[in-house]
2 protein chains.
Amino acid sequence: MTASRPIPRPGRRVRGSASGRPVMALLDLLGRRWTLRVIWELRDGPLVFRELQARCGGISPSVLNTRLSELRENRLLEAGEAGYALTALGVELLELFGPVDRWAERWAAALGGARRRGA
Amino acid sequence: MTASRPIPRPGRRVRGSASGRPVMALLDLLGRRWTLRVIWELRDGPLVFRELQARCGGISPSVLNTRLSELRENRLLEAGEAGYALTALGVELLELFGPVDRWAERWAAALGGARRRGA
DNA sequence: TCCTGTGCTACGATAATCGAAGCATAATGC
DNA sequence: GCATTATGCTTCGATTATCGTAGCACAGGA
């Protein structure tokens, strides 16, 4: 255990917010590197540790394990027979990102159409 | 110039993904520390630099400036008379988080009701 | 001129993340 | 029994991101 920051949880004080408002805890949790990506990669079903690691582009196992712990602690994810899977709560959260996926396409179109820079 | 990581953009390769899929770029962008929070704090209107910094719990100005650059570069935010404000795109993205806010409340309720640990 | 507020930079210190290697366990094949 | 493979996961040194404080340059206002 590397004993990093406390895992953000609703009702607790979180990074940069003394309020403990749920959304602040959520933003803290999701704002950590790879967290959003991990949830995203589990959208089509459970994945074992190493497969999940690969899907996340070779994220280092220590960080992945840390993220898995945080997400498990917050009941967004659980370990089962087939590997790690989103819980019912996790699926709900993921579903909120469905529109985000579609929006990202429009965002890309807006950026690509509006400017002619970069690659 | 600290020349950190390249700013993620749709169509470019991003952290842990060679695909350049818009949603991957978005996850990379939003997965950086304080990014979600900055967008969130601008939900009620423009804020000047220092006020935004304060709302984010005293985030260090260098990081805030980095985040602002990234968000400006991606047209989610712009600097105007009254300070920094979300663009139309930024508002759209924020609106996707409306359900997230409500969901966070239910999430907190689920966690609080289901377990009796921690403090 | 002296405040105050603005956006923002510099820089040393600290914490998070990386990258690679490896451990312990369990299942499989021989 | 013994090697092989796959599993979840740990360790550790190196790199990167973020922090925290101080301060600069500019623009009013008094």
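Proteins get letters first, then strands, A, B, ... in listed order; numbering begins at 1 in each.
Atom P of nucleotide C/dT6 and atom CG of B/L68 are separated by 14 Å, given to the nearest angstrom. Regarding B/D28, its CG atom lies at a distance of 14 Å from the C1' atom of C/dT17, rounded to whole Å. In this structure, B/R32 places its CZ atom 13 Å from C1' of C/dT17, rounding to the nearest Å. Here the P atom of nucleotide C/dC18 and the CZ atom of A/R67 are 8 Å apart, to the nearest Å. Rounded to whole Å, atom C1' of C/dT25 lies 15 Å from atom CZ of A/F49. A/E51 places its CD atom 17 Å from the C1' atom of D/dC9, with the value rounded to the nearest Å.
Taking A/W34 as the reference, nothing meets the ring pair (Phe, Tyr, Trp, His ring centres under 6.0 Å) condition, with sequence neighbours excluded. Partners of A/E92 by salt bridge (Lys or Arg N to Asp or Glu O under 4.0 Å), not counting sequence neighbours, listed by chain and number: B/R106. With sequence neighbours excluded, the residues satisfying side chain to side chain contact (heavy atoms under 4.5 Å, CB included) with A/A79 are A/R72, A/Y84. Applying the salt bridge (Lys or Arg N to Asp or Glu O under 4.0 Å) rule to A/E78 yields no partners; only residues at least two apart in sequence or on another chain are considered. Annotation: side chain to side chain contact (heavy atoms under 4.5 Å, CB included) contacts of A/S60 (sequence neighbours excluded): A/S62, A/V63.
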Can you name the atoms? Protein N/O to nucleotides 19-29 of chain D N/O, anything below 3.5 Å, with the distance.
{"unit_1": "D/dC19", "atom_1": "OP1", "unit_2": "B/W34", "atom_2": "NE1", "d": "2.6"}
{"unit_1": "D/dC19", "atom_1": "OP2", "unit_2": "B/W34", "atom_2": "NE1", "d": "3.1"}

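A donor-acceptor contact shorter than 3.5 Å is absent between the side chain of B/R9 and the backbone of B/N74.
Taking a 4.0 Å limit (strictly below) on heavy-atom distances, residues 35-47 of chain B does not reach DNA chain C anywhere.
For A/N65, a side-chain nitrogen or oxygen approaches OP1 or OP2 of D/dT10 to under 4.0 Å.
Among pairs with a residue in residues 94-103 of chain A, those fulfilling salt bridge (charged side-chain N to carboxylate O under 4.0 Å, His left out) read A/D101-B/R21, at least two apart in sequence or across chains.
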Check: residues 37-44 of chain B side-chain donor-acceptor pairs under 3.5 Å, at least two apart:
{"unit_1": "B/R37", "atom_1": "NE", "unit_2": "B/E41", "atom_2": "OE2", "d": "2.7"}
{"unit_1": "B/R37", "atom_1": "NH1", "unit_2": "A/G16", "atom_2": "O", "d": "3.3"}
{"unit_1": "B/R37", "atom_1": "NH2", "unit_2": "A/G16", "atom_2": "O", "d": "2.7"}
{"unit_1": "B/R37", "atom_1": "NH2", "unit_2": "B/R55", "atom_2": "O", "d": "3.1"}
{"unit_1": "B/R43", "atom_1": "NH1", "unit_2": "B/W40", "atom_2": "O", "d": "2.9"}

